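Encoded as structure tokens, the structure appears first; notes follow it.
By convention in this document, chain letters (A, B, ...) are assigned in the order of the sequence lines, proteins followed by strands, and residues within each chain are numbered from 1. All figures in this text were calculated on a predicted structure; none of them were measured in a lab.
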2 protein chains.
Amino acid sequence: MSTTLTYLGRGIGHGIGHGMGSADDVTRPGPSPVPASPRGAEAARPPCSSDDLIELLFFAYRDFVGDPDRILAEYGFGRAHHRVLHFVDRYPGLTIAELLDILRITKQSLNRVLKDLIGQGYVAQQPGTSDRRQRLLFCTGRGAELAADLTRVQARRLARALTSPGDAATPEGFLMAMIEPDERAAVRRLMDRRGQGHGQGAA
Amino acid sequence: MSTTLTYLGRGIGHGIGHGMGSADDVTRPGPSPVPASPRGAEAARPPCSSDDLIELLFFAYRDFVGDPDRILAEYGFGRAHHRVLHFVDRYPGLTIAELLDILRITKQSLNRVLKDLIGQGYVAQQPGTSDRRQRLLFCTGRGAELAADLTRVQARRLARALTSPGDAATPEGFLMAMIEPDERAAVRRLMDRRGQGHGQGAA
DNA sequence: TGAAATATGTCAACGACACTGACTTATCTC
DNA sequence: GAGATAAGTCAGTGTCGTTGACATATTTCA
């Protein structure tokens, strides 16, 4: 999700393996219907497929991370800073190694953002007590404040989606409720287009 | 999530506005308990807070996009290619403008990956019928195949999580089930650390 | 005690994927 | 024919991930 199925760049090789078919047939194999509705949840209206959920997850996640993004931008921070701040705030005394294990990034990447957060007084370090090689991480008051702000907007969206009327019980209802209200109509319009002759409508 | 709260880089200003407190107090304000368990879902065991869900969403999303990442790497593609391929596959005849609106990226960014996909025969273009300025996008057979492969792994994880025994009914149960099985224990161990004196344990 | 392992930090280079700004080319609309 | 619109492109930049190599404390162990 623009976030888009989100993405976070990944190391990527460079082999175009698996190529096997010709390349000019502009057709759709028609298969891939993927066993629709995995569970017995096909009670109500539209039988929501796994495919639909994947897509809704894309849109929901996009808006979910969009909230904090706006706040972070005011501070000159990015998502990487958010992640670090979040975990340090929630688990005070976290070591570098633990943080690396949680985030699954290299220490070079971590250090870049951690340096910003420490340099600007959002995070503080403290040598480990039993092992002085370690650097235990803590949020300063200012850091905890920012972390709380970021958590607040995400928790709000989550809470609204969980308490939304009616269909919050189904996965698709929950995900739709996570999407920014103004954009739900557009998403519904898009998804309704499935199967029908390509309507190539509006913009 | 490596993938992280996912990821997508964002344009960022550069003002450190809002600074207001001193910066050396290594304390935690203790507040931010955020109204735990929003809904009446506090039936069973641990009263899962919004904060916990935010964190679980991080881990779940990380693993959710990790599956396709591995496949994409074999083709020399990244997440940006995945997103384009996914939407073109699902909505054949999509125009550039529509795709830009869905992905929320600039046309320069879109063009970079679209050029790869078209050049390697995964996507084909076709001038619009009513408006020949448009370029309608379609997957080739090869493109549809790759899209199906990518959807398959994500749908599988989703289906497993939705049909997982017991707690798949609660949001936290569902999210935990979305996490790679091997890593659930580590996540539980981490989250159990909340509140308790910082255990700074293992790695 | 001294060698090896561990925890952290850092320099340098690079890749993926966003962004802005400016400009071109078709094509459609009025 | 003028102006708007759909798309493509060149050039530069920024965030955040990567690899590889190396430096520095500190702990552990033979």
ask   = Of the candidate nucleotides dG8(D), dT10(C), dG17(D), which contains the atom at the shortest distance from the side chain of I105(A)?
value = dG17(D)
ask   = Under 4.0 Å between a Lys/Arg side-chain N and an Asp/Glu carboxylate O for R157(B) and E180(B)?
value = yes
message = Quick check on DNA chain C: between R112(B) and R135(B), whose nearest nucleotide comes earlier from the 5' end?
response = R112(B)
query = What is the distance from CG of D69(A) to P of dC19(C), rounded to the nearest Å?
reply = 12 Å
query = Counting just side-chain N and O atoms, does T95(B) come under 4.0 Å of either OP1 or OP2 of dA6(D)?
reply = no
message = What is the separation between atom CG on L103(A) and atom P on dG17(D), rounded to the nearest whole Å?
response = 8 Å
message = Can you measure L99(B) atom CG to dG8(D) atom P for me and round it to whole angstrom units?
response = 11 Å
ask   = When you check the gap from the basic side-chain N to the acidic O, do E183(A) and R104(B) get nearer than 4.0 Å?
value = yes
message = Could you report the tightest heavy-atom contact between M178(A) and D63(A), atom names first, then the distance?
response = O-CB, 4.1 Å
What N/O pairs connect the protein and nucleotides 26-30 of chain D at under 3.5 Å? Give each pair on its own line.
residue, atom, partner, partner atom, Å
dT26(D), O2, R133(A), NH1, 3.4
dT27(D), OP1, R132(A), N, 3.1

inquiry  = With a 4.0 Å limit, can you tell me whether T106(A) has a side-chain N or O closer than that to the phosphate oxygens OP1/OP2 of dG17(D)?
reply    = no
message = Give me the atom names and distance for the closest heavy-atom approach of H82(B) to P68(B).
response = CE1-CB, 3.6 Å
ask   = What is the distance, rounded to the nearest whole Å, between atom NZ of K115(B) and atom C1' of dC17(C)?
value = 14 Å
query = Taking CG from L114(A) and P from dT15(D), how many angstroms apart are they, rounded to a whole number?
reply = 17 Å
task = Please state how far atom CD1 in I118(B) lies from atom P in dT9(D), giving the value in whole angstrom units.
result = 9 Å
inquiry  = Can you classify the ring geometry of Y61(A) versus Y61(B) as parallel (below 30°), tilted (30 to 60°) or perpendicular (above 60°)?
reply    = parallel
note = For R184(B) and M176(B), the nearest pair of non-hydrogen atoms, with its separation, is NE-O, 3.1 Å
query = Once you round to the nearest 0.5 Å, how far does CZ of F77(A) lie from CG of L146(A)?
reply = 7.0 Å
note = note: L137(A), atom CG; dT8(C), atom P; distance rounded to Å ~ 8 Å
query = Hey, does the side-chain of Q125(A) have a donor or acceptor N/O within less than 3.5 Å of a partner on the base of dG9(C)?
reply = no
ask   = Quick one: K107(B) NZ to dT25(C) P, roughly how many Å, whole number?
value = 14 Å
ask   = Side-chain donor or acceptor of Q108(B) under 3.5 Å from a matching atom on the base of dG12(D)?
value = no
request  = Look at the side chain of H81(B) and decide which nucleotide, out of dC17(C), dA7(D), dG9(C), has an atom nearest to it.
outcome  = dC17(C)
